[in-house]
Amino acid sequence: MIDYERFTLENGLRVIFHQDVTTPMAVVNTLYDVGARDEAESKTGFAHLFEHLMFGGSINIPDFDAPLQNAGGESNAFTSNDLTNYYNILPKENIETALWLESDRMLSLAFTPKSLEVQRNVVIEEFKQRYLNQPYGDVWLELRPLAYEKHPYKWATIGKNIQHIEEAVMDDVREFFSKHYHPANAILCIAGNFGLAEVKALVEKYYGDIPSKDKQVRILEKEPEQKIFKEKTIYRNVPADAFYFAFKMPERKNPEYYIVDALSDALGREKSSRLFIELKKEKKLCSEIQAYITGNIDEGLLVISGKLNQGVNFDEFEKALWDCIRDFSNFVMSEEEMTKLVNKIRTSKEFQEQGLLNRAMNLCFFELLGDANGINEELEIYQKITVHHIQETAKSILIPSNCSLLRVIAEKNEKNG
Amino acid sequence: MDRKIAPALQSIDAIDFINPKIYDINQNVKLFFMSEVPNETSRVDLYFDAGTIKGEKGTSSFVNGLLLSGNESISSTEISHQMDLLGGFFESGITTEGAVISIYALRENMPALLELVKKSMSEMTCTEKEVQELVQDRKQKFQVNLQKTRFLAQRAFQHNLFYSHQDYAKVVEEDYYENVKSSDLRQFFSNNYLNGLTKIAVVGNFSQDYIDEIIDLFGEWVKEGKCEYAKDFKNRVGLHAVKKEDAMQSAIRVGKILFNKTHPDYNDFLILNTIIGDYFGSRLMANIREDKGFTYGIGSMVAEFNNFGYFMIATEVGKEFKEETIKEIKFELNKLQTELVPKEELDLIKNYLLGQLLKSADGPYSMMDLYLSAEIHGLGLDFYNESIKSIQEITPERIQELAVKYLSWEDMTIVTAG
């Protein structure tokens, strides 16, 4: 059970306070309700580029990192398709430094041309390092537009291509800030050994005078229901053939979301999972195979991915995979298998919540979904899933007409073979 | 409120370091136990004298991947199934000088999990089927790695850094995956695991009695006699370039053989290392990322071994920036030798490092790891009180003295890949 208190400032900033008396550290976590899904299709990668610019100095403070380091702290951030999250960890005595810095960059950025120019280059190098200069690095750049036709999940957080980042100009930066970075679009969590009154006073002091703006209503293109099996084959200079089966799944708030999560574990989380045993251990068709969900707020994906063994062709593998999926959907799993999934989830959750930062980030995330208390209800939801739920959901989701398949063929093998 | 004025700061004067309880299993092998855990999580680590310097051509690494591979009557799948049913997580890892397995679980399940690990490993036979599968998987992973400039650079760096000692300098080659003999693996497993346990670390809210049970359970695996490790290393200096035609980025490594926590200059050097590349505002980050935008990241580190250590700078940059980046790294090291670090910068680093040390001691898991990283060198937690003193007392002159002593460009091994 994670305890917390909640309050909202007059300007619309939602605040969560989580007390932990055992730690000398404090966390200040800020979640902004903006991600790559809020970008225009002609300017992708912007939410993430913007995250970099948030460290380039704010209206009253020329440098973000140095004052925080001087307070013994450190900071970082991440952007996803759904949201942008900034965190600071520092000795609790110096928490005001983090509030001072975070509140000033919520008030306004410095918008220096040098910062934009440099961070454009840094992000281009990040693009190369993560997506282009790695074997299989670009598969998500290919898989997203295959799986999604309308919804902005069709582009990756880093952007569709490097050109979009190169073309970003200061006017875009200002507009993005004005639209998405204000109190009503943020959730703040403070965690550490403090009292509620103290936290309220501190938050009021630093955030109370930030002008309020109306929260934008998010209108995204709805992804049409998929009706046919989609496939694409790409050729790359990689050592082994690889596969990515992506099945559409319900949005985060749908009760079926949790069932699909458990179902993906049953298929391919551990070495005792269905696909691992049947396709790798028994039939020896692939060298690795895993199943997981993308965890998105809107309609996400359940992905089965892995690499083929040398000498195995896609036809043979795909037939075996669909057979395995059919068995999984046709025969209800044992209670023991269900127990196994839930036990694993329970251990993961306990370890995840061990860390103060994780607790703070998750509280913000559940508040974004609608209620911070979701963090305390999750385990029970998993525990209530039955073997029949799993079977019904498998039958409706794990079908070819709900699937997009990306094949990566190793060019060298082609030539040699 | 004037937003231009920073809030007042408090500096950290002392940190509560907490010792684990220590149990002697034999003369050299100990169990360390940290019991103050405010939740139901627990972790048990078993350390073995089974690093890559032991055994030929990848033997140590293959064996490390086979620990739960079972035998003719109990399959690896069955073992995984039982492990998962108890909600447990098993990790095994290997370094140059040692191997470690970690079991993560809720406290209530740990006894059954440890029984399972003990039984499975005791009866493991390196079956032909499991060995062949592992070798094939590893070979494919190796081929994927060969496509990464980061991997190529690290491999070549290690080779040249440890050049004076071939058992440390050897790098994985394609022929590691041919003609692997199960009998060699079994022999290694018996010598280095079933008779190679060097340390146990337990974090979790367990009773004293249960710790005794753990000792009884794994006691028969302890290594008799001391572990021996090499010393007096010398890196092969100069530039070594690895070619990779189609790369968009080049990976760069710059470094040299250095010392570990037992050396009187260690604590002070760690502060110098921070200035160079071990925090977001470091000299290298400020110059090569935040000023020039050549890279997504650049950092430096000090790695420790039993009898020595090494210093390394690592980055991946756009291939057109390779030469200029090396020039800038050289420039930054030289600047630290010739110019005093401004007081403001050093004060910031002092505060930052004290905050980081406080964080490293926060919670039972961090505290255990902090303790063990001193214990491996025969040092106690007082080492970290010395670190605090070193941070508080260091001067710009001392930083310059260390830079002159240890950061000459002529002593560096420089590797590029891509």
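Lettering of chains follows the sequences in order, A, B, ..., and the numbering in each one begins at 1. Because the structure is predicted, anything quoted here is derived from the model rather than measured.
- No part of A:Asn76 comes within reach of chain B, as not one of its non-hydrogen atoms sits under 4.5 angstrom from that chain.
- Considering only heavy-atom pairs separated by less than 4.5 Å from chain A, the leading option among B:Gln143, B:Lys292, B:Glu78, B:Met248 is B:Met248.
- A:Leu90 does not touch chain B: none of its heavy atoms, backbone or side chain, sits under 4.5 Å away.
- The contact between B:Val317 and chain A is made entirely by backbone atoms, counting heavy-atom distances below 4.5 Å.
- If you look at B:Phe89 and B:Tyr104, their ring centroids are not closer than 6.0 Å.
- Counting heavy-atom pairs closer than 4.5 Å to chain B, the top-ranked of the candidates A:Lys281, A:Arg269, A:Gln134, A:Arg346 is A:Lys281.
- The residues B:Lys4 and A:Asp104 are annotated as not salt-bridged, no charged nitrogen and carboxylate oxygen being separated by less than 4.0 angstrom.
- Of the listed residues (B:Leu86, B:Asp2, B:Leu348, B:Asn109), the greatest number of heavy-atom pairs within a distance under 4.5 Å of chain A belongs to B:Leu348.
- When heavy atoms are compared at a cutoff of 4.5 Å, A:Glu288 approaches chain B solely by way of its side chain, counted from C-beta outward.
- Here A:Pro91 is the residue among A:Ser75, A:Gly137, A:Pro62, A:Pro91 with the most heavy-atom pairs under 4.5 Å with chain B.
- The side-chain heavy atoms of B:Asp246 and A:Asn237, taken from C-beta on, include a pair separated by under 4.5 Å.
- Ranked by heavy-atom pairs under 4.5 Å with chain B, the list A:Leu132, A:Ile124, A:Thr339, A:Asp63 is led by A:Leu132.
- For A:Asp65, the part lying under 4.5 angstrom from a heavy atom of chain B is the side chain only.
- Using a 4.5 Å cut-off between heavy atoms, A:Tyr136 contacts chain B through its side chain alone, with no backbone atom that close.
- Using a 4.5 Å heavy-atom cutoff, the side chains of A:Asp3 and A:Gln19 are not in contact.
- Between B:Glu316 and B:Arg150, some side-chain heavy-atom pair lies under the 4.5 Å cut-off.
- Contact count against chain A (heavy-atom pairs under 4.5 Å) is highest for B:Gly88 among B:Gly88, B:Gly297, B:Ser75.
- A:Glu125 and A:Lys128 are joined by a salt bridge, as a carboxylate oxygen and a charged side-chain nitrogen come within less than 4.0 angstrom of each other.
- Using a 4.5 Å cut-off between heavy atoms, A:Arg120 makes no contact with chain B at all.
- For B:Leu358, the parts sitting under 4.5 Å from any heavy atom of chain A are the backbone and the side chain alike.
- Of the listed residues B:Ile5, B:Asn145, B:Leu85, the one with more heavy-atom pairs under 4.5 angstrom with chain A than any other is B:Leu85.
- Other residues, nucleotides and ligands contribute over 12 non-hydrogen atoms within 6.0 Å of the CD atom of A:Gln383.
- Residue contact with chain B, scored on non-hydrogen atoms closer than 4.5 Å, involves the side chain of A:Gln119 exclusively.
- Proximity to chain A (any heavy atom under 4.5 Å) is restricted, for B:Glu108, to the side chain, taken from C-beta onward.
- With respect to chain B, the highest number of heavy-atom pairs below 4.5 Å among A:Ser103, A:Gly56, A:Pro67, A:Ser58 belongs to A:Ser103.
- Shown here is B:Glu178, whose CD atom has more than 12 heavy atoms of other residues, nucleotides or ligands within 6.0 Å.
- Within the 4.5 angstrom heavy-atom criterion, only backbone atoms of B:Ala105 (N, CA, C, O) approach chain A.
- Interface remark: of the candidates A:Glu96, A:Glu93, A:Glu336, A:Glu336 forms the most heavy-atom pairs closer than 4.5 Å to chain B.
- In this structure the side chain of B:Glu128 reaches within 4.5 angstrom of the side chain of B:Gln132, judged on heavy atoms.
- Under 4.0 Å is where a charged nitrogen must lie from a carboxylate oxygen, and between B:Glu133 and A:Lys280 at least one such pair does.
- Looking at A:Ser348, the atoms closer than 4.5 Å to chain B (heavy atoms on both sides) sit in the backbone and in the side chain alike.
- At a cut-off of 3.5 Å, with distance as the only test, no side-chain donor of B:Arg3 or A:Tyr206 sits close to an acceptor on the other residue.
- Heavy atoms closer than 4.5 Å to chain B are found nowhere in A:Ser273, neither backbone nor side chain.
- The contact between A:Gln354 and chain B is made by backbone and side chain atoms together, counting heavy-atom distances below 4.5 Å.
- Counting non-hydrogen atoms of neighbouring residues, nucleotides and ligands closer than 6.0 angstrom, the NZ atom of A:Lys92 exceeds 12 such neighbours.
- In terms of heavy-atom pairs under 4.5 Å with chain B, the best-connected choice from A:Glu350, A:Glu337, A:Glu353 is A:Glu350.
- With a 4.5 Å cut-off on non-hydrogen atoms, B:Thr274 does not touch chain A at all.
- In this structure, no portion of A:Leu68 lies under 4.5 Å from any heavy atom of chain B.
- Geometrically, A:Arg105 engages A:Phe64 in a cation-pi contact defined by less than 6.0 Å to the ring centre and at most 45° from the axis.
- Only the backbone of A:Leu308 comes within less than 4.5 Å of a heavy atom in chain B; its side chain stays farther off.
- Remark: B:Asp137 does not engage B:Lys139 in a salt bridge, criterion side-chain N to carboxylate O under 4.0 Å.
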Apply side-chain hydrogen bond (donor to acceptor under 3.5 Å, both in side chains) to the pair B:Ser250 and B:Thr416, showing each step before the final yes or no. CA-CA 7 Å; B:Ser250 298; B:Thr416 64; over 6 Å; no

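- Heavy-atom pairs under 4.5 Å with chain A peak, among B:Thr295, B:Leu9, B:Asp84, at B:Asp84.
- Interface remark: of the candidates B:Gln136, B:Met1, B:Lys141, B:Met1 forms the most heavy-atom pairs closer than 4.5 Å to chain A.
- A:Lys284 places none of its side-chain heavy atoms less than 4.5 Å from the side chain of A:Leu279.
- Residue A:Leu107 touches chain B through its side chain alone, counting heavy-atom pairs closer than 4.5 Å.
- Taken from CZ in B:Phe62 to OG in B:Ser69, the straight-line distance is 13.5 Å, to the nearest 0.5 Å.
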